[in-house]
Amino acid sequence: MAETVTVRPLPASQVESWDYEADVVVVGYGIAGACAAIEARRAGADVLVLERTGGWGGAAAMSGGFIYLGGGTALQRKLGFEDTPENMEKFLTAALGPGVDKDKIHDYCQGSVEHFDWLVAQGVPFKEEFWGEPGYEPPADQGLMYSGGENAAPFNAIADPAPRGHLAWTKDKKLGEKGGGYMLMEPLAETADELGVRHEYDVRLRRLIIDEDGRVVGVSATRYGKPVNVRAERGVVLATGSFAYRHEMVEQFAPKIHGRPAATVEEHDGIGIRVAQALGADLAHMDATEVALVADPQVVVRGILVNGRGQRFITEDTYPGRMGQAVLQDQDNQAYLIIDEEALEEAFTTRSSMSFLRIAPTWVAENVAELETEMGLPANTLQSTIDLYNHHATNGEDPYLNKKPQWVKPIGSPLGAYDLRGYTGGFTLGGLRTDLDSRVLHVDGEPIPGLYAAGRVTSGICTGGYASGCSLGDGSFYGRRAGVAAAKN
Ligand SMILES: Cc1cc2nc3c(=O)[nH]c(=O)nc-3n(C[C@H](O)[C@H](O)[C@H](O)COP(=O)(O)OP(=O)(O)OC[C@H]3O[C@@H](n4cnc5c(N)ncnc54)[C@H](O)[C@@H]3O)c2cc1C
């Protein structure tokens, strides 16, 4: 679809006057923008953040607040978990691929311990308590959990399992209220204020401004519909988030997630990607998506997940986001959860952040044959799946998909099934190709002078897979890099 408002760069020669000036101009005041602003200021630059909405926060402040860190962080060590950067790298390379940027993964793992310490130094609190149950988030304010399937097959045989989902501490956490993401963002925004980072709200990036050599020297924006021109002496950092809410781009690059944005905000309209593309910026992994399966992991782990043909396809004790990706990407968005009455009753007594999803199964039956008919599956499909599962489950084993013995029990009767077809949603992970200094790369491989980017406007450490915390993780990590690099320009 043709643009009604151009994203092509504006020549600086056409700018009559500058409304604001700074050494480094950061666009977007979410996690990547906040970290870029802090580090650019500390590196000696005068910094101005432009934010489209009325305040800092972005998706980050609404998020669960998981930040994926490891390699032996102070919190991991305090809670008795051993980890090394090399072990973390083995896991991330396997779990976030295929096609990961190996240099980025290596760099991120090597810097992860320092990054945790940095967050703490900015005032981000982490509670020294571990939550070891399946789930998307801990039910209360615990500070550490497995958030990527590290302790489940196949990854528990690839790298030593270590929990790396670090959560900013939300005291008296209540579902639907300020969560970990807010607790992460608030101290960062306060730190930026204390350092003297300036901000202008309700200012919306429209185009980049370039000089006669093609160098980015500013931002053309609007405020309440009126033009605002902002001069950047040293560099512009794009931190405007993903393209999950730009439907044309989703249709073009990641069609499977079209119409199902989740864990994102409407401001993620791909603008940062488009203005950089208009300068020749390269893109990476535009088809990659984070996907959540909308079901309570405490229920899922006690049942079996089957596809539209009644067959199992993923171990039910893994990271639920991995299940979501598998359902959407590989199973045509078709999934059912089968669970017997006894296991369901047990699940309903456990603590979970997803307990609001505890509703009655879609179908209930006295035996598997009856359930299979009610679900409309071909005869003997579900029955043979459950026969096979129960055959090994009697010995507490699951050689088919290697679910851990603690979760393996034969499926009895009566039993039921949840219809999870289409119960997925998520956000896009692809974006601008950047180097380890967060410089935006042209399609010819060279950095575009004066242009930096971090967060979901870029392709970060995730390509095919995802682990909770990777988005706030690489957004904050490479946000810092962008700030330092732009300030030194
Ligand atoms: C409910 C929920 C739960 C989540 N849980 C987690 C989690 O636990 N762990 C995790 O890693 N991720 C999580 N995420 C995803 C994560 O929050 C985002 O992927 C992350 O915040 C991306 O960082 P960012 O800096 O790129 O974008 P953001 O944090 O969204 O910041 C982008 C900012 O840019 C601004 N902006 C956009 N366009 C313009 C423009 N034209 N001009 C000026 N400003 C603009 C936006 O308003 C926004 O403030 C969750 C998201 C949600 C909504």
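Order of listing sets the numbers, starting from 1, for every ligand and every atom in it.
The heavy atom nearest to atom 7 (C) of ligand 1, out of those in Trp56, Tyr29, Phe66, is found in Phe66. Nearest residue to atom 39 (C) of ligand 1 from Ile67, Val49, Thr240, Val275 is Thr240 (criterion: closest heavy atom). When Arg52, Met62, Glu51 are ranked by how near their heavy atoms come to atom 47 (O) of ligand 1, first place goes to Glu51. Atom 32 (C) of ligand 1 has its nearest heavy-atom neighbour, among Ala454, Ala239, Gly455, in Ala239.
For Gly64, a nitrogen or oxygen atom sits less than 3.5 Å from a nitrogen or oxygen atom of ligand 1, counting backbone and side chain alike. For ligand 1, the polar-atom distance check finds no N/O of Gly473 at less than 3.5 Å from any of the ligand's N/O atoms. Residue Leu205 has at least one nitrogen or oxygen atom sitting less than 3.5 Å from a nitrogen or oxygen atom of ligand 1, judged on distance alone. Checked by distance only, ligand 1 and Ala60 come closer than 3.5 Å through their nitrogen or oxygen atoms.
Of the protein's non-hydrogen atoms, the one nearest atom 23 (O) of ligand 1 is Ile31 CG2, 3.2 Å. Looking from atom 4 (C) of ligand 1 to the surrounding protein, the closest heavy atom is Ser63 CB, 3.2 Å. Here the heavy atom of the protein found nearest to atom 18 (C) of ligand 1 is Ser471 OG, 3.8 Å. At the shortest separation from atom 31 (O) of ligand 1 among protein heavy atoms lies Gly30 CA, 3.2 Å. The protein non-hydrogen atom at the shortest distance from atom 22 (C) of ligand 1 is Arg456 CG, 3.9 Å. Among all non-hydrogen protein atoms, the one lying nearest atom 38 (N) of ligand 1 is Glu267 O, 3.6 Å. From the protein, the heavy atom lying nearest to atom 25 (O) of ligand 1 is Ala32 N, 3.1 Å. The single protein non-hydrogen atom nearest to atom 11 (O) of ligand 1 is Leu472 N, 2.7 Å, given as residue, atom name and distance.
Between the side chain of Thr170 and the main chain of Gly180, a donor-acceptor pair closer than 3.5 Å is present. Between the side chain of Thr315 and the backbone N or O of Thr318 there is no donor-acceptor pair closer than 3.5 Å. Remark: side-chain polar atoms of Glu150 are paired, donor with acceptor, to backbone N or O of Gly148 under 3.5 angstrom. The main-chain N or O of Gly422 is found under 3.5 Å from a side-chain atom of Arg260 such that the two form a donor-acceptor pair. The main-chain N or O of Gly70 is found under 3.5 Å from a side-chain atom of Ser112 such that the two form a donor-acceptor pair. Remark: the backbone N or O of Phe81 is not paired with any side-chain donor or acceptor of Gln76 at under 3.5 angstrom. Under the 3.5 Å distance criterion, the side-chain polar atoms of Thr458 are left unmatched by any main-chain donor or acceptor of Ala454. Panel note: side chain Arg77, backbone Gly72; a donor-acceptor pair is recorded below 3.5 Å. Using a distance-only test at 3.5 Å, with no hydrogens or angles considered, no donor-acceptor pair links the side chain of Thr428 to the main chain of Gly430.
Assignment of His268 to the shell around ligand 1 is supported, since a heavy atom sits closer than 4.0 Å. The shortest separation from a heavy atom of Gly475 to ligand 1 is not under 4.0 Å, leaving the residue out of contact. For the ligand labelled ligand 1, residue Tyr466 lies inside the 4.0 Å heavy-atom shell. Look at Val203 and you'll find a heavy atom under 4.0 Å from some atom of ligand 1. Under a 4.0 angstrom heavy-atom cut-off, Phe427 registers as being in contact with ligand 1.
Numbered from 1 in the order shown, with element, the atoms of ligand 1 that lie under 4.0 Å from a heavy atom of Thr53 read 47 (O). Against a heavy-atom cut-off of under 4.0 Å, Cys470 is close to the following atoms of ligand 1: 11 (O). The atoms of ligand 1 that sit less than 4.0 Å from any heavy atom of Gly469 are 9 (N), 10 (C), 11 (O). Annotation for ligand 1: atoms under 4.0 Å from non-hydrogen atoms of Gly58 are 30 (O), 48 (C), 49 (O). Close contacts of ligand 1 with Val27, meaning ligand atoms under 4.0 Å from a residue heavy atom, involve 42 (N), 43 (C). For ligand 1, the atoms lying closer than 4.0 Å to a non-hydrogen atom of Ala59 are 17 (O), 21 (O), 28 (P), 29 (O), 30 (O). Within the listing of ligand 1, atoms 41 (N), 42 (N) sit less than 4.0 angstrom from a heavy atom of Arg204.
Contact of the Thr434 side chain with the Leu441 side chain is not registered, since no non-hydrogen atoms from C-beta on lie closer than 4.5 Å.
Contacts of Asp269 with ligand 1, taken as heavy-atom pairs under 4.0 Å, are absent altogether.
Note: Tyr201 and His199 meet the aromatic proximity criterion, with ring centroids under 6.0 Å apart. Ring pair Phe126/Phe116: centre-to-centre distance below 6.0 Å. Aromatic rings of His268 and Tyr245 (six-membered ring for Trp) have centroids beyond the 6.0 Å cut-off, not under it. Between Tyr136 and Trp131, the gap from one ring centroid to the other reaches at least 6.0 Å.
Ring orientation note: the planes of Phe130 and Tyr146 are nearly perpendicular, at an angle over 60° on the 30°/60° scale.
The side-chain tip of Lys104 does not point at the ring of Phe477 from less than 6.0 angstrom away and within 45° of straight on.
Ile273 contributes atom CD1, which lies 5.5 Å from atom CG of Leu432 (distance to the nearest 0.5 angstrom).
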